Amino acid sequence: MNVLLIGSGGREHALAWALAKSPLIEALYCAPGNAGIDQVAVHAALDVTDHAAVAAFCKEKAVDLVVVGPEAPLVAGLADDLQKAGIATFGPNAAAARLEGSKGFTKDLCAKYDIPTAGYGRFTDAESASAYVREHGAPIVVKADGLAAGKGVVVAMTNEEALEAIAACFEGGFGATGAEVVVEEFLEGEEASFFALCDGTTALPLATAQDHKRVFNGDEGPNTGGMGAYSPALVMSEALIERTMKEIIEPTMRGMADMGCPFTGILYAGLIITKKGPELIEYNVRFGDPECQALMMRLESDLLGLVLAAAKGEFEGKSVAWRPESALCVVMAAKGYPGGYEKGTEIRGLEAAGSDEAVEIFHAGTKVDGERILANGGRVLGVTALGATVAQAQTRAYSAVDAIDWLEGFCRRDIGWRAVEREKNTR
Ligand code: AMP
Ligand code: GLY
């Protein structure tokens, strides 16, 4: 089979690495890719916002399946346009991608299909949103409605903070995304991510993970795309996974089909485990980055076989096999991230650092310059390791990090701390 992968981050390098191992693969193309992806896939020089150009490329190269990594092309309707051109695509169409593209859409779905989530209101003007805050009181959460690259959420500990966030949204602080806000109840509990693979009617549970969104050790500092992740998330017991499938994922699948927009692709549920059980805080319509790097290390089944079955609505008899180990990914970022940072600095020692069989170094923002690998983004590498425990995966990942010679980079030193504590306490 010929496959085109869309995306350029660490998530896509992990997907490319797993797809390239498939016994079904003949040619793997990636657009726009990065220096790491180029080691396992053929670079396709394509503007992925030009859907007609992507479809023409697929025809020319006889591409059998397109796998879309990030959310933006899905929300923009890439899957719709490819399907119209007769090209099988893994990823939801624009109507189904509203699960990530519009927080208000997802909250209304939860209300309609009785899916546990925080109580909420949707507002298109500051005055009524502010009135809701005064009525319900802090702690309370303010969310700009559309895609905001993780920056549209304010967890307000005081009414003043919430009112300021509302004012900022409607004053254009988030661009078009701020034209509507959701204000919701603050939920208390540990967060976990849950991934399911969906074929339009059926959802197969994949795995759990936890990421670390804050930039500094101890979960301090500003939010980022994710500074590290591990899988499985020990907080998610078998019983909680079963409840998540029954109470959240399956009603979502039924609801989406009911509303005429069946969901195909990866459903990534952001959960808070409250005293009552799992509650949905958000959906994403793609793998998490860097959660995907940890998941791909653990996946034993053939990824291409699974995503192909999902795209064709053929889950009948499918199951997913996982390695018994845990996996942990440490993100190395350019100093200054998530603020301003330098590009073009040289990274050395990658080969030696990745020589341990249990370690893979996924590239997120890199480019090749002759023999040299240069940093080319904020999040630059995802150093990922397997281990019998999260603690062992953590030790291996940090040994590899320490073997990388990149003065202008940094990472958190405590990825996986919750799981490592839990392992200590249950031993
Ligand atoms: P989101 O972009 O919706 O994932 O929100 C970003 C972060 O805000 C989440 O990872 C949570 O830490 C926090 N958050 C979002 N919604 C809530 C909520 N209702 N209660 C408590 N924390 C929340
Ligand atoms: N790591 C969080 C995300 O991919 O949204």
Side-chain angles (χ1 to χ4, degrees), residues 7 9-12 14-15 69-72 74-75 99-107 110 115-121 132-133 136 138-157 161-162 165 169 174 177 181-195 208-215 219-220 222-231 233 266-276 278-296 328-331 333 338 362 364 378-379 382 384 412 415 418:
R11 166 182 51 214
E12 287 75 28
L15 292 173
E71 66 280 13
L74 296 167
V75 172
L99 283 177
E100 176 161 1
S102 167
K103 292 180 164 49
F105 172 82
T106 299
K107 297 300 289 190
C110 290
I115 295 165
T117 188
Y120 73 105
Y132 186 91
V133 166
H136 292 266
I140 198 160
V141 183
V142 177
K143 301 183 172 184
D145 184 66
L147 286 185
K151 298 190 183 84
V153 175
V154 175
V155 178
M157 287 302 154
E161 251 181 285
C169 277
F174 300 101
T177 283
V181 303
V182 169
V183 184
E184 70 178 34
E185 175 198 358
F186 172 81
L187 296 177
E188 220 168 329
E190 191 168 336
E191 284 182 48
S193 302
F194 181 78
F195 296 87
T208 60
Q210 244 171 0
D211 78 341
H212 297 265
K213 288 208 176 84
R214 304 298 191 107
V215 70
D219 295 322
E220 304 269 351
N223 258 329
T224 69
M227 294 302 291
Y230 59 94
S231 172
I266 291 293
L267 202 47
Y268 157 179
L271 305 172
I272 292 191
I273 313 305
T274 69
K275 286 199 189 88
K276 289 189 283 181
E279 299 202 33
L280 181 73
I281 41 174
E282 65 161 355
Y283 269 134
N284 297 302
V285 297
R286 48 167 175 90
F287 278 112
D289 185 345
E291 292 92 325
C292 185
Q293 290 84 315
L295 293 187
M296 289 306 114
L328 181 139
C329 173
V330 176
V331 169
F362 296 116
R379 292 191 295 173
T384 313
R412 276 180 61 161
I415 298 305
R418 276 195 194 83

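Owing to the predicted nature of the structure, the values given are computational and were not obtained by experimental measurement. When a ligand or atom number is given, it counts from 1 through the structure's own listing order. Numbering of residues begins at 1 and proceeds along the displayed sequence.
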Residue-level breakdown please: for Glu188 versus ligand 1, do any non-hydrogen atoms fall below 4.0 Å on the side chain, on the backbone, on both, or on neither?
neither
Relative to ligand 1, is Ile272 under 4.0 angstrom through side chain, backbone, both or neither, heavy atoms considered?
side chain
Side chains of Gln293 and Thr384: do they bring a donor and an acceptor to under 3.5 Å?
no
Between atom [atom1] of [X] and atom [atom2] of [Y], what is the distance when rounded to the nearest 0.5 Å?
{"X": "Lys103", "Y": "Tyr120", "atom1": "NZ", "atom2": "OH", "result": "14.5 Å"}
{"X": "Leu280", "Y": "Phe194", "atom1": "CG", "atom2": "CZ", "result": "12.0 Å"}
{"X": "Glu282", "Y": "Asn284", "atom1": "CD", "atom2": "CG", "result": "4.5 Å"}
{"X": "Glu191", "Y": "Asp211", "atom1": "CD", "atom2": "CG", "result": "8.0 Å"}

Find all atoms of ligand 1 within a distance of less than 4.0 Å from any non-hydrogen atom belonging to [X], and give their numbers and elements.
{"X": "Lys143", "value": "3 (O), 15 (C), 16 (N)"}
{"X": "Phe186", "value": "20 (N), 21 (C)"}
{"X": "Lys213", "value": "10 (O)"}
{"X": "Val141", "value": "16 (N), 17 (C), 18 (C), 19 (N), 20 (N)"}
{"X": "Glu191", "value": "9 (C), 10 (O), 11 (C), 12 (O)"}
{"X": "Glu184", "value": "16 (N), 17 (C), 18 (C), 19 (N)"}

Name the one of Glu71, Glu12, Glu291 that satisfies salt bridge (charged side-chain N to carboxylate O under 4.0 Å, His left out) with Arg286?
Glu71
Backbone N or O of [Y] within a donor-acceptor pair of the [X] side chain at under 3.5 Å?
{"X": "Arg379", "Y": "Gly226", "result": "yes"}
{"X": "Thr106", "Y": "Leu99", "result": "yes"}
{"X": "Glu161", "Y": "Ala156", "result": "no"}

Between Lys107 and Asp145, is the closest basic N to carboxylate O distance under 4.0 Å?
no
Test item, Phe287 contacting ligand 2 (heavy atom, 4.0 angstrom)
no
Nearest non-hydrogen protein atom, atom 5 (O) of ligand 2
Arg286 NH2, 3.0 Å
Proximal ligand 2 atoms for [X], defined as those under 4.0 Å from one of its heavy atoms:
{"X": "Glu291", "answer": "1 (N), 2 (C), 4 (O)"}
{"X": "Asp211", "answer": "1 (N), 2 (C)"}
{"X": "Gly288", "answer": "4 (O)"}
{"X": "Gly225", "answer": "1 (N), 2 (C)"}

Is it the side chain (CB and beyond), the backbone, both or neither of Arg11 that lies under 4.0 Å from ligand 2, heavy atoms counted?
neither
So is Asp289 polar-close to ligand 2, meaning N/O to N/O under 3.5 Å?
yes
